[in-house]
Amino acid sequence: MSVTYRIPGTPSLAVDLAGAGPLALFMHGIGGNRTNWREQLPAFAPHFSCVALDARGYGGSDDYEDALAFDDFVNDVLRVLDHFSVERAHLVGLSMGGRIAMRTALLHPDRIATLTLLDTHEGFEAFSPEQRQAFVDSRRAPLLAGKEPSDIADAVARSLVGPKATQAQLQQLIDSIAALHKESYIKSLQATVDQVVLGDISQIRAPAHFVVGADDRLTPVAMHHEMAAKLGGAPVTVLPDAGHLSNIENAPAFNEAALAWLRPRAELGSVPRNWPL
(Lines give C-alpha, C1' and ligand atoms only; values in the text may rest on other atoms or scores of the structure.)
Protein backbone atom coordinates (compact mmCIF):
# COMPACT_ATOMS: atom_id res chain seq x y z
CA MET A 1 0.00 0.00 0.00
CA SER A 2 1.20 3.50 -0.81
CA VAL A 3 0.32 6.70 0.98
CA THR A 4 -0.05 10.14 -0.57
CA TYR A 5 2.20 12.83 0.85
CA ARG A 6 2.75 16.49 0.01
CA ILE A 7 6.14 18.16 -0.23
CA PRO A 8 5.80 21.83 0.74
CA GLY A 9 7.11 24.68 -1.34
CA THR A 10 6.13 26.64 -4.42
CA PRO A 11 4.63 24.77 -6.09
CA SER A 12 3.89 22.02 -3.59
CA LEU A 13 4.39 18.53 -4.97
CA ALA A 14 2.21 15.45 -4.50
CA VAL A 15 3.90 12.06 -4.18
CA ASP A 16 2.92 8.50 -3.40
CA LEU A 17 5.22 6.74 -0.93
CA ALA A 18 5.80 3.07 -0.28
CA GLY A 19 8.46 0.73 1.02
CA ALA A 20 11.82 0.97 2.76
CA GLY A 21 15.44 1.01 1.62
CA PRO A 22 17.42 3.27 -0.71
CA LEU A 23 15.23 5.87 -2.37
CA ALA A 24 13.89 5.29 -5.89
CA LEU A 25 12.12 8.23 -7.52
CA PHE A 26 9.59 7.44 -10.28
CA MET A 27 8.85 10.18 -12.84
CA HIS A 28 6.02 10.06 -15.38
CA GLY A 29 5.79 11.22 -18.97
CA ILE A 30 4.40 14.43 -20.40
CA GLY A 31 0.85 13.09 -20.52
CA GLY A 32 0.96 11.21 -17.24
CA ASN A 33 0.88 11.49 -13.48
CA ARG A 34 2.06 9.49 -10.50
CA THR A 35 -0.68 6.86 -10.90
CA ASN A 36 1.17 5.59 -13.98
CA TRP A 37 3.43 3.72 -11.52
CA ARG A 38 0.72 1.90 -9.60
CA GLU A 39 1.94 -1.50 -10.86
CA GLN A 40 5.53 -0.69 -9.92
CA LEU A 41 5.33 0.54 -6.33
CA PRO A 42 4.18 -2.79 -4.83
CA ALA A 43 6.95 -4.64 -6.69
CA PHE A 44 9.73 -2.22 -5.77
CA ALA A 45 8.61 -1.43 -2.20
CA PRO A 46 10.19 -4.54 -0.59
CA HIS A 47 13.58 -3.27 -1.75
CA PHE A 48 13.34 0.52 -2.05
CA SER A 49 11.78 3.59 -0.51
CA CYS A 50 9.57 4.43 -3.47
CA VAL A 51 8.48 7.95 -4.38
CA ALA A 52 6.10 8.36 -7.33
CA LEU A 53 6.09 12.06 -8.17
CA ASP A 54 3.48 14.27 -9.75
CA ALA A 55 5.55 16.84 -11.65
CA ARG A 56 4.67 20.47 -11.05
CA GLY A 57 1.33 21.24 -12.66
CA TYR A 58 0.33 17.56 -12.84
CA GLY A 59 -2.01 15.39 -10.79
CA GLY A 60 -2.11 16.50 -7.18
CA SER A 61 0.81 18.91 -7.49
CA ASP A 62 0.14 22.63 -7.66
CA ASP A 63 0.08 24.70 -10.81
CA TYR A 64 2.52 27.60 -11.01
CA GLU A 65 2.84 31.08 -12.47
CA ASP A 66 5.04 32.14 -15.38
CA ALA A 67 6.51 30.01 -18.12
CA LEU A 68 8.19 26.67 -17.51
CA ALA A 69 11.88 26.05 -18.07
CA PHE A 70 12.70 22.36 -18.43
CA ASP A 71 15.28 22.64 -15.65
CA ASP A 72 12.47 23.59 -13.24
CA PHE A 73 11.69 19.87 -13.27
CA VAL A 74 15.30 19.15 -12.32
CA ASN A 75 15.09 21.57 -9.42
CA ASP A 76 11.97 19.77 -8.23
CA VAL A 77 13.87 16.47 -8.24
CA LEU A 78 16.44 18.05 -5.93
CA ARG A 79 13.63 19.37 -3.72
CA VAL A 80 12.32 15.83 -3.32
CA LEU A 81 15.75 14.42 -2.46
CA ASP A 82 16.46 17.22 -0.03
CA HIS A 83 13.07 16.88 1.64
CA PHE A 84 13.70 13.23 2.43
CA SER A 85 17.37 13.90 3.31
CA VAL A 86 18.73 11.69 0.55
CA GLU A 87 22.23 12.18 -0.81
CA ARG A 88 21.95 9.89 -3.86
CA ALA A 89 18.78 8.48 -5.40
CA HIS A 90 17.86 5.93 -8.03
CA LEU A 91 15.84 7.64 -10.77
CA VAL A 92 13.24 5.77 -12.83
CA GLY A 93 11.89 7.92 -15.64
CA LEU A 94 9.35 7.30 -18.39
CA SER A 95 9.55 9.39 -21.59
CA MET A 96 9.71 13.01 -20.35
CA GLY A 97 10.58 11.58 -16.93
CA GLY A 98 13.57 9.86 -18.51
CA ARG A 99 14.73 13.15 -19.99
CA ILE A 100 14.40 14.79 -16.58
CA ALA A 101 16.43 11.94 -15.09
CA MET A 102 19.23 12.28 -17.65
CA ARG A 103 19.30 16.07 -17.30
CA THR A 104 19.52 15.75 -13.53
CA ALA A 105 22.38 13.26 -13.86
CA LEU A 106 24.24 15.70 -16.11
CA LEU A 107 23.76 18.74 -13.87
CA HIS A 108 23.99 17.06 -10.47
CA PRO A 109 25.97 13.82 -10.89
CA ASP A 110 26.75 13.46 -7.20
CA ARG A 111 23.04 13.14 -6.36
CA ILE A 112 22.24 10.29 -8.76
CA ALA A 113 22.92 6.61 -8.02
CA THR A 114 21.45 4.95 -11.12
CA LEU A 115 19.14 5.67 -14.03
CA THR A 116 16.37 3.40 -15.29
CA LEU A 117 15.19 5.03 -18.51
CA LEU A 118 11.97 3.91 -20.19
CA ASP A 119 10.73 4.77 -23.67
CA THR A 120 12.60 8.05 -23.75
CA HIS A 121 14.90 10.17 -25.90
CA GLU A 122 17.74 12.59 -25.37
CA GLY A 123 16.17 15.62 -27.03
CA PHE A 124 14.01 16.68 -29.91
CA GLU A 125 17.05 16.94 -32.17
CA ALA A 126 16.49 13.20 -32.60
CA PHE A 127 13.29 14.02 -34.48
CA SER A 128 12.85 15.83 -37.76
CA PRO A 129 11.30 19.32 -37.66
CA GLU A 130 8.16 17.80 -39.14
CA GLN A 131 7.99 15.17 -36.39
CA ARG A 132 8.45 17.82 -33.71
CA GLN A 133 5.71 19.97 -35.18
CA ALA A 134 3.35 17.00 -35.48
CA PHE A 135 4.00 16.04 -31.86
CA VAL A 136 3.13 19.51 -30.59
CA ASP A 137 0.27 20.21 -32.97
CA SER A 138 -1.56 16.98 -32.18
CA ARG A 139 -1.58 17.96 -28.52
CA ARG A 140 -1.34 21.73 -28.18
CA ALA A 141 -3.29 23.05 -31.17
CA PRO A 142 -6.65 21.55 -30.11
CA LEU A 143 -6.19 22.91 -26.58
CA LEU A 144 -5.39 26.40 -27.82
CA ALA A 145 -8.51 26.16 -29.99
CA GLY A 146 -10.64 25.66 -26.89
CA LYS A 147 -10.71 21.92 -26.41
CA GLU A 148 -9.95 20.25 -23.08
CA PRO A 149 -7.47 17.44 -22.36
CA SER A 150 -10.37 15.01 -22.20
CA ASP A 151 -11.19 15.87 -25.83
CA ILE A 152 -7.79 14.74 -27.09
CA ALA A 153 -7.20 11.91 -24.61
CA ASP A 154 -8.47 9.03 -26.71
CA ALA A 155 -6.58 9.95 -29.88
CA VAL A 156 -3.31 10.70 -28.09
CA ALA A 157 -3.52 7.51 -26.03
CA ARG A 158 -4.12 5.35 -29.10
CA SER A 159 -1.10 6.92 -30.81
CA LEU A 160 1.16 5.82 -27.93
CA VAL A 161 0.13 2.30 -26.95
CA GLY A 162 1.18 -0.79 -28.84
CA PRO A 163 -1.23 -3.00 -30.79
CA LYS A 164 -1.50 -5.52 -27.94
CA ALA A 165 -2.54 -3.07 -25.25
CA THR A 166 -5.65 -4.18 -23.40
CA GLN A 167 -8.72 -2.02 -23.12
CA ALA A 168 -7.97 -1.53 -19.43
CA GLN A 169 -4.44 -0.34 -20.18
CA LEU A 170 -5.69 2.00 -22.89
CA GLN A 171 -8.32 3.36 -20.53
CA GLN A 172 -5.71 3.97 -17.83
CA LEU A 173 -3.77 6.15 -20.25
CA ILE A 174 -6.90 7.91 -21.50
CA ASP A 175 -7.81 8.74 -17.91
CA SER A 176 -4.28 10.01 -17.28
CA ILE A 177 -4.37 12.36 -20.25
CA ALA A 178 -7.92 13.52 -19.49
CA ALA A 179 -6.78 14.51 -15.98
CA LEU A 180 -4.07 16.87 -17.24
CA HIS A 181 -4.07 20.47 -16.02
CA LYS A 182 -4.63 22.24 -19.32
CA GLU A 183 -2.49 25.35 -18.87
CA SER A 184 0.37 23.51 -17.18
CA TYR A 185 0.34 20.84 -19.89
CA ILE A 186 0.63 23.49 -22.58
CA LYS A 187 3.63 24.93 -20.70
CA SER A 188 5.21 21.47 -20.52
CA LEU A 189 4.74 20.92 -24.25
CA GLN A 190 6.46 24.20 -25.02
CA ALA A 191 9.33 23.64 -22.58
CA THR A 192 10.04 20.08 -23.64
CA VAL A 193 10.20 20.95 -27.34
CA ASP A 194 12.14 24.17 -26.76
CA GLN A 195 14.89 22.19 -25.07
CA VAL A 196 16.07 20.48 -28.23
CA VAL A 197 19.19 18.98 -26.63
CA LEU A 198 19.61 17.72 -23.07
CA GLY A 199 23.38 17.93 -23.20
CA ASP A 200 26.15 15.46 -23.90
CA ILE A 201 24.73 12.31 -22.36
CA SER A 202 28.05 10.54 -22.85
CA GLN A 203 29.16 12.55 -19.80
CA ILE A 204 26.63 10.83 -17.53
CA ARG A 205 28.50 8.87 -14.87
CA ALA A 206 25.62 7.02 -13.25
CA PRO A 207 25.00 3.40 -14.32
CA ALA A 208 22.03 3.32 -16.68
CA HIS A 209 19.55 0.74 -17.94
CA PHE A 210 17.31 1.45 -20.92
CA VAL A 211 13.91 -0.24 -21.23
CA VAL A 212 11.72 0.13 -24.31
CA GLY A 213 8.57 -1.45 -25.64
CA ALA A 214 9.13 -3.50 -28.78
CA ASP A 215 6.20 -1.68 -30.40
CA ASP A 216 7.14 1.86 -29.29
CA ARG A 217 6.55 4.04 -32.35
CA LEU A 218 7.38 7.39 -30.73
CA THR A 219 10.80 6.48 -29.29
CA PRO A 220 11.67 3.22 -31.04
CA VAL A 221 14.12 0.52 -30.05
CA ALA A 222 16.91 1.78 -32.33
CA MET A 223 16.87 5.15 -30.60
CA HIS A 224 17.55 3.45 -27.26
CA HIS A 225 20.47 1.49 -28.66
CA GLU A 226 21.95 4.76 -29.92
CA MET A 227 21.66 6.35 -26.49
CA ALA A 228 23.02 3.24 -24.78
CA ALA A 229 26.11 3.35 -27.00
CA LYS A 230 26.76 6.92 -25.87
CA LEU A 231 26.58 5.73 -22.26
CA GLY A 232 29.36 3.21 -22.73
CA GLY A 233 27.22 0.34 -23.89
CA ALA A 234 24.50 0.53 -21.24
CA PRO A 235 22.10 -2.45 -21.35
CA VAL A 236 18.89 -2.18 -23.33
CA THR A 237 15.91 -4.35 -22.45
CA VAL A 238 13.21 -4.65 -25.12
CA LEU A 239 9.83 -5.61 -23.69
CA PRO A 240 7.44 -7.60 -25.90
CA ASP A 241 3.77 -6.69 -26.18
CA ALA A 242 4.38 -3.05 -25.23
CA GLY A 243 4.39 0.35 -26.91
CA HIS A 244 5.46 3.71 -25.49
CA LEU A 245 4.05 2.99 -22.02
CA SER A 246 6.01 -0.20 -21.45
CA ASN A 247 5.70 -0.20 -17.65
CA ILE A 248 1.91 -0.10 -18.01
CA GLU A 249 1.47 -2.29 -21.08
CA ASN A 250 3.73 -5.10 -19.81
CA ALA A 251 4.13 -4.42 -16.11
CA PRO A 252 5.28 -7.94 -15.09
CA ALA A 253 8.08 -7.98 -17.67
CA PHE A 254 9.12 -4.44 -16.80
CA ASN A 255 9.18 -5.09 -13.07
CA GLU A 256 11.21 -8.27 -13.50
CA ALA A 257 13.78 -6.70 -15.83
CA ALA A 258 14.11 -3.43 -13.95
CA LEU A 259 14.53 -5.08 -10.55
CA ALA A 260 16.97 -7.68 -11.87
CA TRP A 261 19.26 -4.83 -12.93
CA LEU A 262 18.55 -2.41 -10.09
CA ARG A 263 18.60 -4.61 -7.00
CA PRO A 264 22.32 -5.48 -7.24
CA ARG A 265 22.99 -1.73 -7.40
CA ALA A 266 20.60 -0.74 -4.62
CA GLU A 267 23.33 0.20 -2.16
CA LEU A 268 24.67 2.85 -4.52
CA GLY A 269 21.70 4.91 -3.36
CA SER A 270 20.93 6.46 0.00
CA VAL A 271 18.30 5.47 2.54
CA PRO A 272 16.11 8.46 3.46
CA ARG A 273 16.83 9.97 6.85
CA ASN A 274 13.48 11.76 6.79
CA TRP A 275 10.90 9.13 5.80
CA PRO A 276 7.36 9.48 7.13
CA LEU A 277 6.35 5.83 6.71
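Evaluation of the salt bridge (Lys or Arg N to Asp or Glu O under 4.0 Å) rule for Arg140 yields no partner, not counting sequence neighbours. The ring-ring contact (aromatic ring centres under 6.0 Å, His included) test applied to Phe70 returns Phe73, not counting sequence neighbours. Judged as a ring-ring contact (aromatic ring centres under 6.0 Å, His included), and not counting sequence neighbours, the contacts of His28 are Tyr58. Applying the ring-ring contact (aromatic ring centres under 6.0 Å, His included) rule to Tyr5 yields the partners His83, Phe84; only residues at least two apart in sequence or on another chain are considered.
The residues Arg88 and Glu267 are annotated as not salt-bridged, no charged nitrogen and carboxylate oxygen being separated by less than 4.0 angstrom. Taking 4.0 Å as the cut-off between side-chain N and carboxylate O, Lys187 and Asp72 do not count as a salt-bridged pair. Arg56 and Asp62 are not joined by a salt bridge, as no carboxylate oxygen comes within less than 4.0 angstrom of a charged side-chain nitrogen. The pair Asp76-Arg79 counts as a salt bridge, with a side-chain nitrogen and a carboxylate oxygen less than 4.0 angstrom apart. Between Glu122 and Arg99, none of the side-chain N atoms (NZ, or NE/NH1/NH2) sits under 4.0 Å from a carboxylate O, so this pair counts as no salt bridge.
Between the side chains of His209 and Thr114, not a single donor N or O lies within less than 3.5 Å of an accepting N or O. With no hydrogens or angles considered, a side-chain donor-acceptor pair links Arg6 and Ser12 at under 3.5 Å.
Screening residues 31-52 for ring-ring contact (aromatic ring centres under 6.0 Å, His included), with sequence neighbours left out, gives Phe26-Trp37, Phe26-Phe44, Phe48-His90. Sorted by first and then second residue, the side chain to side chain donor-acceptor pair (under 3.5 Å) pairs involving residues 242-262 (not counting sequence neighbours) are Gln40-Asn247, Gln40-Asn255, Ser95-His244, Asp119-Ser246, Asp216-His244, Thr219-His244.
With hydrogens and angles ignored, the 3.5 Å screen pairs no side-chain donor or acceptor of His181 with any backbone N or O of Glu183. The backbone N or O of Leu143 lies less than 3.5 Å from a partner atom in the side chain of Lys182, making a donor-acceptor pair.
Leu78 and Leu91 are members of different hydrophobic clusters when ILVMFWY side chains are connected at heavy-atom separations under 4.5 Å.
Taking 4.5 Å as the limit, every side-chain heavy atom of Val92 sits out of range of all side-chain heavy atoms of Leu25. Counting heavy atoms from C-beta outward, Val271 and Leu23 have side chains that stay 4.5 Å or more apart.
Atom CZ of Phe254 is separated from atom CG of Leu118 by 4.0 Å, given to the nearest 0.5 angstrom.
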